[in-house]
Amino acid sequence: MTDTLEKTTTHQQFIGGSWVDSATGQTLAVENPANGQVIAHVQASGPEDVDRAVKAAEKAFQTWQHTTPQERSLALLKLADAVEARADELGRLESRNAGKPVGAAIDEIPAMVDNLRFFAGAARVMEGKAANEYLAGHTSMIRREPVGVVASIAPWNYPLMMAGWKIGPALAAGNTVVLKPSARTPLTAVVLAELAADILPPGVLNVITGTGAAIGDALVAHPGVGMISVTGDTDTGKHIARTAADRVKRLHLELGGKAPVIVFDDADLDAVAETIKLFGYWNAGQDCTAACRVIVGPKVYDKFVAKLADEVSSIKWGDPAEGEHIEMGSLIAGAQADKVEGMVERARSGAEIVAGGHRPTRVGAYYEPTVIAGPDQRSEIVQDEVFGPVVTVQRFSDEDQAIAWANDVRFGLAASVWSGDIGKALRVAKAIQFGTVWVNDHFMLVSEMPHGGFKESGYGKDQSMYAIEDYTVVKHVMIKL
Ligand code: NAD
């Protein structure tokens, strides 16, 4: 790691509408994982910063909760415009901070902007149920109230997009937010705060930049926080849920995934292979919906494995700074490459590595795009999230086994079913326990439709009207006539 402190910017935190240093007096280095260079410093927040941020958000909530849906909607639309105006710069910054190809990082921004615009609209159509006289002489109505201060804890894989998914519905519903980006990728959240500073009243959005270890518990346990929304690892979600349980706090958990791709003998194999080449390795496979666990019909298995190995071997990977031809960048950190390497090494004995399978000897956090054929259903490589550029392929014997294997993991976020027989595809879509099921496609998301898991992938939905409902509490008001 080369530390170029004298050349890098040290960013402050955004609390109560002001830019402030951390109470700890310390900073954290932020690296570009594609080359190991330190590219900036941020404040190393401590519990005192959490307290300041939550208090600022509590104060702002006193007024923000009483704004009209129209006012909140207009503010979110302005924020969306401001992000859009700096899309290119934000994408390039994300690329440098997360090791992503530049084009892919820039492409994330319109999706984030669309999400903010969707919630700007949703703010105005959120409703309780119609009033009625359920008890003679009394009229009942349902209100949806904001929860209060939401702690929004974001991961490093899509830093700005995940921040947007969290703040959009939270602010639209009338909550105020303390956003904690991952300490590995805080830079676009700092720019988001800069943009919000001119649009949102002080304290409505606060951004603090500490590690989960240093401030996670303080933030989750803070009595002023009414709800915690976290996108991250399943173990992080479990830890947060335990801490939040003491005060029975509301939780929104978007956790790990291990998406099956069920390919029947009658599927369009070229389309499947092309899609997996893209969405098994998008963001270097560091995606909770990555098409990483392919379960293929008995008649086409051999042909498909050869086809996929060919496709994947052609992926152009490297430092995004090398040029626009780079399709896959680095992993987020050396520690993540260690994890991927360890899992592939342990998988070797029970399966065949038909593409990749090596950690390159070069500076930066790289791992080759890898395909592993024939692992056992109970093996670690099939059961656990790799979060790297590794796809497994298994041969199933019949539809029942395909369904059983698809469901036989602790995660339940996303899946796809590939077949020329729409009836069969829909039967399987019903039988598998995943929050999103694509038929003859994978990875497609839209702001109008919910995204969230079953089982240990968590609960609560991002995107869609379901998300804005998650960020509210239902209240019954009964009036004696
Ligand atoms: P992570 O769990 O390491 O970190 C996520 C966030 O939690 C970070 O901001 C981190 O600082 C914070 N954190 C860590 N410990 C904490 C604690 N004790 N208290 C409070 N906060 C704490 O996850 P990651 O490695 O940044 O992201 C990758 C994970 O996120 C993968 O498991 C992936 O599947 C998951 N993910 C899920 C979805 C989804 O929609 N379900 C989307 C993207 C990523």
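Whatever order the structure lists ligands and atoms in, that order sets their numbers, starting from 1. For reference, positions follow the sequence shown, starting with 1.
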Looking only at N/O atoms, are [X] and ligand 1 under 3.5 Å apart anywhere?
| X | result |
| --- | --- |
| W156 | yes |
| S457 | no |
| E385 | yes |
| D233 | yes |

Would you mind telling me if ligand 1 is within reach of the side chain of [X], the backbone, both or neither, using heavy atoms under 4.0 Å?
| X | result |
| --- | --- |
| R184 | neither |
| L413 | side chain |
| I240 | side chain |
| A154 | backbone |
| H239 | side chain |
| Q286 | neither |

So if I count the atoms of ligand 1 from 1 in the order they appear, which ones are less than 4.0 Å from some heavy atom of N157? 43 (C), 44 (C)

Ring centroids only, cut at 6.0 angstrom: are W64 and F61 within range, meaning strictly under it? no

Verify whether the ring centers belonging to H252 and Y471 lie closer than 6.0 Å. yes

Salt bridge [X]-[Y], side-chain N to carboxylate O under 4.0 Å:
| X | Y | result |
| --- | --- | --- |
| R184 | E31 | no |
| R144 | E469 | yes |
| K277 | E274 | no |
| R362 | D319 | no |

The option among C288, A221, S182 carrying the non-hydrogen atom nearest to atom 38 (C) of ligand 1 is C288

How far is [atom] from the closest protein heavy atom, and which atom is that?
| atom | answer |
| --- | --- |
| atom 7 (O) of ligand 1 | I153 CG2, 3.2 Å |
| atom 41 (N) of ligand 1 | L255 O, 2.8 Å |
| atom 27 (O) of ligand 1 | P155 CB, 3.3 Å |
| atom 40 (O) of ligand 1 | H451 NE2, 2.9 Å |
| atom 2 (O) of ligand 1 | T236 OG1, 2.5 Å |
| atom 5 (C) of ligand 1 | T231 O, 3.5 Å |
| atom 35 (C) of ligand 1 | G232 O, 3.2 Å |
| atom 31 (C) of ligand 1 | F387 CZ, 3.4 Å |

Does the ring of F119 carry R117 above it, NZ/CZ under 6.0 angstrom from centre and within 45° of its axis?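 No.
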
Which is it for M343 and V390 under the side chain to side chain contact (heavy atoms under 4.5 Å, CB included) test, yes or no, and what are the steps along the way? CA-CA 10 Å; M343 289 184 81; V390 179; over 6 Å; no

Assign the ring pair W19 / F14 to parallel, tilted or perpendicular, where the plane angle (0 to 90°) is split at 30° and 60°.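 Correct class here is tilted.
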
Write down the atom of K166, the atom of S229, and the distance for their closest heavy-atom approach. NZ-OG, 2.9 Å

Nearest-0.5 Å distance that lies between atom CH2 in W405 and atom CD1 in I295: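 Reported to 0.5 Å precision, the distance equals 7.5 Å.
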
Any donor-acceptor N/O pair, N175 side chain to V147 backbone, under 3.5 Å: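 Such a contact is found between N175 side chain and V147 backbone.
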
